[in-house]
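By convention in this document, chain letters (A, B, ...) are assigned in the order of the sequence lines, proteins followed by strands, and residues within each chain are numbered from 1.
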Amino acid sequence: MQTPQLTDKPPDPFYTALYTVLARVPAGRVITYGQLAALAGRPGAARWAGRLLRALPNDTQLPWHRVVAASGKLSLPAGSDAANRQRTRLEAEGVVFRGERIRLAHYRWLAE
DNA sequence: TCTGTGACCGCGG
DNA sequence: ACCGCGGCCACAG
């Protein structure tokens, strides 16, 4: 039995909830940070959701690219490698952009 | 403690 | 349609 490190922080039960919700987002659709947080049980914690995505490992299997800003644009720095990867992945799934923005139909599917 | 910062959000102007 | 601002949660210095 390893002695637990004192620096270990207690696991946040909401982490799992957010990952579960994210894993449920179907290809070809997107979700906003705010919606993601709310569905994970933390309404109003959009920034918190963004922080968790930021912390994801580069080789994660989760569909991180399906999370976009409420404005319909990508939140990653425009022109960055990450932003380009995100857009490429989304378009490969059939997500259509109108300029920098994603069509409303792609992120208005939750209200069903 | 207080302050700044960020893969955010909504309301006004 | 584009900003500016205040509000939001968590962490770093």
Side-chain angles (χ1 to χ4, degrees):
Chain A
M1 182 65 88
Q2 309 288 341
T3 56
Q5 301 183 352
L6 297 176
T7 55
D8 281 348
K9 287 178 291 188
D12 186 328
F14 290 107
Y15 288 2
T16 318
L18 185 143
Y19 295 146
T20 301
V21 173
L22 177 55
R24 258 174 49 77
V25 178
R29 305 275 177 76
V30 296
I31 190 173
T32 72
Y33 296 86
Q35 292 172 330
L36 191 54
L39 290 176
R42 312 200 78 175
R47 307 196 82 124
W48 166 78
R51 260 180 28 74
L52 261 60
L53 293 184
R54 174 68 194 80
L56 287 176
N58 293 313
D59 62 348
T60 181
Q61 297 301 305
L62 291 171
W64 57 270
H65 55 286
R66 294 176 192 150
V67 185
V68 303
S71 63
K73 297 191 293 188
L74 305 185
S75 285
L76 290 162
S80 68
D81 287 9
N84 293 333
R85 270 199 307 280
Q86 181 174 20
R87 176 156 183 163
T88 299
R89 282 181 174 223
L90 288 174
E91 292 181 326
E93 294 178 351
V95 173
V96 181
F97 284 74
R98 214 177 52 214
E100 293 301 308
R101 296 188 174 186
I102 293 170
R103 287 209 194 182
L104 189 64
H106 294 296
Y107 61 100
R108 271 290 178 174
W109 55 279
L110 288 167
E112 297 171 10

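A:Arg42 is linked by a side chain to side chain donor-acceptor pair (under 3.5 Å) to nothing, counting only residues two or more places apart in sequence or in another chain. Scored by the side chain to side chain donor-acceptor pair (under 3.5 Å) test, A:Arg66 finds A:Glu93 as partners (sequence neighbours excluded). Under the side chain to side chain donor-acceptor pair (under 3.5 Å) criterion, A:Thr32 pairs with A:Gln35, sequence neighbours left out.
Here the P atom of nucleotide C:dA1 and the CD atom of A:Glu100 are 15 Å apart, to the nearest Å. Between the CG atom of A:Leu36 and the C1' atom of C:dC9 there is a distance of 14 Å, rounded to whole Å.
Minimum heavy-atom separation, A:His65 to A:Leu90: O-CD2, 3.4 Å.
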Show the atom names and distances, to 0.1 Å, of all donor-acceptor pairs under 3.5 Å that link a side chain in residues 94-107 of chain A to residues at least two apart or in another chain.
unit_1: A:His106; atom_1: ND1; unit_2: A:Gly28; atom_2: O; d: 3.0
unit_1: A:His106; atom_1: NE2; unit_2: A:Val96; atom_2: N; d: 3.1

Distance-only check: which donor-acceptor pairs under 3.5 Å involve side-chain atoms of residues 17-27 of chain A, not counting sequence neighbours?
unit_1: A:Thr20; atom_1: OG1; unit_2: A:Thr16; atom_2: O; d: 2.8

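The side chain of A:Arg101 places an N or O atom within less than 4.0 Å of a non-bridging phosphate oxygen (OP1 or OP2) of C:dC2.
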Base-contact (B) and sugar-phosphate-only (S) positions in nucleotides 6-13 of chain B, heavy-atom cut-off under 4.0 Å, - elsewhere: BBBSS---
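For the P atoms, the distance from C:dG7 to B:dA7 is 22 Å, rounded to whole Å.
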